[in-house]
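Since the model is a prediction, treat every value here as computed from it, not as a measurement.
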Amino acid sequence: MSSTYSLETDGTPWQAATLPVAMARHANLVIAGGIDEVALENAGRVQQAFHGWHPDLLSQTVVYADELPSGQLASGVGCFFSGGVDSFYSALTHADEVTHLIFVTGFDIEVTNKQLAFEALRGAHEAARAMGKELIAVTTNLRDLGDDVLDWGVHYHGAALAAVGLALAETLGRVIIPSSYHREDLYPWGSHPDLDRWWSSSRVRFEHDAVDVTRPDKVREIAKHQVSLDHLRVCWENKNNAFNCGRCEKCIRTMINLRSVDALRRCKTLPTEVDAAAVGRLRLTHGSRLFAEENLRELEQLENRDYALEAALRRAVETMPHQSRSASLKRRIKALLRP
């Protein structure tokens with residue numbers, strides 16, 4: 001892991017980075033360099049949450065490490081910032097508190113993709129400058145640690161975020177993690193309000209932000225700020241190395257969000273029209289279906305309704321058979337355990 005800011009040298013960040021992997025491998029964990037005493041105690045609560053959600057995959061383990069005494073909280077307040085809807089919302093609504101935005105290369109953009117990493121980092125720098133914030137740029141291959149035994153979204157990305165935040169303890173005493181889902185749609189996920197806070201140490205406190213705000217409401221808020229429409233980056237497929245491909249589920253989902261609040265034509269990073277035929281062809285997962293249903297409800301409430309777009313989105317939702325959350329998760333766990 002490298003950064004434009006100083007990184008911690010003790011073992012506290014590495015407990016967060018390796019604990020889910022050790023649980024998946026049913027192995028005890030030995031950490032050199034010592035672990036903050038609060039983080040070491042909280043590791044038990046992290047394990048309880050993970051094991052409770054995924055009992056067949058993640059077993060509780062023992063962490064062996066020297067215990068480091070509690071330290072002081074630094075004055076900085078950080079917010080993880082990918083340039084997406086969730087991170088723009090948290091950064092803008094906490095503008096009076098946030099001092100630093102944290103941009104990570106190696107999570108949704110591979111470290112080896114130099115071109116896209118450069119473009120995304122440049123956009124993050126420009127957005128941070130426009131918002132009057134310092135940008136902390138981090139590059140890491142942490143994602144590789146769990147790729148063979150863990151699902152990035154379901155199990156690991158929250159731990160990776162925590163490892164980065166803990167590594168920045170010299171600068172940041174409080175770190176905001178933008179929420180992924182609304183409270184009513186929560187299910188076991190790598191970043192979760194019942195999990196994120198337990199990654200905290202005596203020197204860094206994590207907050208899961210805005211769990212009571214729907215994605216359409218987040219978009220409605222960020223659309224008031226041109227900086228978000230100038231630099232919005234939501235795509236994770238990045239087809240043909242595009243900043244936003246404009247064709248994947250996440251791009252289309254966000255375009256519908258922006259269209260609903262009459263802001264799509266002002267967004268400089270996405271196509272200005274939504275193709276209803278492309279919407280109807282979407283193949284949704286459990287998580288993306290939740291966002292599609294939110295969007296459908298939003299479209300149905302508009303004064304000037306687009307019935308063709310509504311029908312296309314409804315078709316995409318209905319194409320995916322209704323499944324219980326527990327059944328969906330069991331299938332994912334079974335797939336991960338398959339030799």
Side-chain angles (χ1 to χ4, degrees), residues 81-93 95 101 103 108-109 116 119-133 178-180 182 210 213-282 284 288-317:
F81 184 77
S82 65
V85 169
D86 299 324
S87 61
F88 258 117
Y89 179 85
S90 291
L92 288 167
T93 56
L101 303 180
F103 180 86
D108 60 334
I109 298 175
L116 184 57
E119 292 296 327
L121 181 58
R122 181 173 63 179
H125 269 297
E126 291 174 357
R129 191 178 306 115
M131 290 187 281
K133 309 301 178 187
S179 61
S180 300
H182 184 268
V213 186
T214 65
R215 187 177 176 87
D217 284 341
K218 287 182 178 181
V219 171
R220 184 173 289 104
E221 178 60 32
I222 70 170
K224 299 174 184 177
H225 305 268
Q226 190 59 41
V227 61
S228 64
L229 300 178
D230 289 345
H231 301 289
L232 192 63
R233 184 180 72 88
V234 300
C235 192
W236 62 269
E237 292 191 22
N238 304 113
K239 297 172 182 177
N240 299 320
N241 232 24
F243 190 83
N244 287 316
C245 74
R247 302 191 301 276
C248 70
E249 180 276 329
K250 197 171 182 186
C251 281
I252 291 174
R253 171 209 314 172
T254 306
M255 290 160 64
I256 295 173
N257 288 147
L258 290 167
R259 187 187 181 284
S260 297
V261 296
D262 199 26
L264 183 55
R265 291 184 177 275
R266 292 189 290 119
C267 182
K268 296 181 179 179
T269 63
L270 285 163
T272 57
E273 298 290 340
V274 181
D275 181 357
V279 173
R281 292 192 297 269
L282 289 175
L284 305 177
S288 60
R289 175 178 177 152
L290 296 174
F291 293 122
E293 290 172 337
E294 276 188 337
N295 269 344
L296 189 55
R297 291 191 293 269
E298 191 79 4
L299 289 172
E300 290 170 345
Q301 294 171 13
L302 294 178
E303 183 175 346
N304 297 314
R305 293 173 63 176
D306 184 332
Y307 292 100
L309 182 57
E310 284 182 34
L313 188 55
R314 189 175 295 108
R315 185 162 61 251
V317 169

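For N295, the side chain to side chain donor-acceptor pair (under 3.5 Å) test picks out N257, with sequence neighbours left out. For R281, the salt bridge (Lys or Arg N to Asp or Glu O under 4.0 Å) test picks out no residue, with sequence neighbours left out. Among residues two or more places apart in sequence or in another chain, the side-chain contact (heavy atoms from CB on, under 4.5 Å) test is passed with N241 by N113, Q115, L116. When the salt bridge (Lys or Arg N to Asp or Glu O under 4.0 Å) test is applied to R122, the partners found at least two apart in sequence or on another chain are E119. For F291, the ring-ring contact (aromatic ring centres under 6.0 Å, His included) partners at least two apart in sequence or on another chain are Y181. In this structure E310 satisfies the salt bridge (Lys or Arg N to Asp or Glu O under 4.0 Å) test together with R305, R314, sequence neighbours excluded. Remark: D306 engages R259 in a salt bridge (Lys or Arg N to Asp or Glu O under 4.0 Å) (not counting sequence neighbours). Residues satisfying the side-chain contact (heavy atoms from CB on, under 4.5 Å) criterion with H225, sequence neighbours excluded, are L92, E221, V227, S228.
Distance check: N238 CG to C251 SG gives 8.0 Å after rounding to the nearest 0.5 Å. The CD atom of Q301 sits 9.5 Å away from atom CG of L299, with the distance rounded to the nearest 0.5 Å. Within the model, atoms CZ of R253 and CG of L313 stand 11.5 Å from one another, a figure rounded to the nearest 0.5 Å. Here CD1 of I252 is found 10.0 Å from CG of L309. Values are rounded to the nearest 0.5 Å. Remark: T272 OG1 to R266 CZ distance equals 13.5 Å, nearest 0.5 Å.
Nearest heavy-atom pair, A263 versus A223, reported as atom, atom and distance to 0.1 Å: CB-CB, 3.8 Å. Summarising the geometry of P216 relative to E294, their closest heavy-atom pair is CD-OE1, 3.3 Å, with the distance given to 0.1 Å. When all heavy atoms of E273 and L264 are compared, the closest pair comes out as N-CD2, 4.0 Å. Scanning both residues, S179 and A210, for their nearest heavy atoms gives OG-O, 3.1 Å.
Contacts classified as salt bridge (Lys or Arg N to Asp or Glu O under 4.0 Å) and involving residues 228-246 (residues at least two apart or in different chains) are given here: D108-R233, D230-K268, E237-K239. Screening residues 243-279 for ring pair (Phe, Tyr, Trp, His ring centres under 6.0 Å), with sequence neighbours left out, gives no hits. Listed by first then second residue, pairs satisfying ring pair (Phe, Tyr, Trp, His ring centres under 6.0 Å) with a partner in residues 251-276 number zero, not counting sequence neighbours.
Side-chain contact check for L229 versus L258: some heavy-atom pair is nearer than 4.5 Å. In this structure, the side chains of R247 and N240 come closer than 4.5 Å at one or more pairs of heavy atoms. Inter-residue side-chain proximity for K250 and N244 is flagged as unmet; no heavy-atom pair is nearer than 4.5 Å. Using a 4.5 Å heavy-atom cutoff, the side chains of L232 and I222 are in contact. L101 places a side-chain heavy atom less than 4.5 Å from the side chain of M131.
The closest donor-acceptor contact from the side chain of K133 to the backbone of A95 lies under 3.5 Å.
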Worksheet item: Given R289 and V317, is the side-chain contact (heavy atoms from CB on, under 4.5 Å) satisfied, shown in steps?
Response: CA-CA 6 Å; R289 175 178 177 152; V317 169; 3.9 Å; yes
If you look only at distance, which donor and acceptor atoms sit under 3.5 Å apart when one is on a side chain in residues 81-90 and the other is two or more places apart or in another chain?
residue: S82; atom: OG; partner: G84; partner atom: N; Å: 3.2
residue: D86; atom: OD1; partner: K218; partner atom: NZ; Å: 2.9
residue: S87; atom: OG; partner: S82; partner atom: N; Å: 3.3
residue: S87; atom: OG; partner: G83; partner atom: N; Å: 3.2
residue: S87; atom: OG; partner: G84; partner atom: N; Å: 3.2
residue: S87; atom: OG; partner: G84; partner atom: O; Å: 3.2
residue: S90; atom: OG; partner: D86; partner atom: O; Å: 3.4
residue: S90; atom: OG; partner: D209; partner atom: OD2; Å: 2.6

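If you check the side chains of S260 and R220, you find no donor sitting under 3.5 Å from an acceptor.
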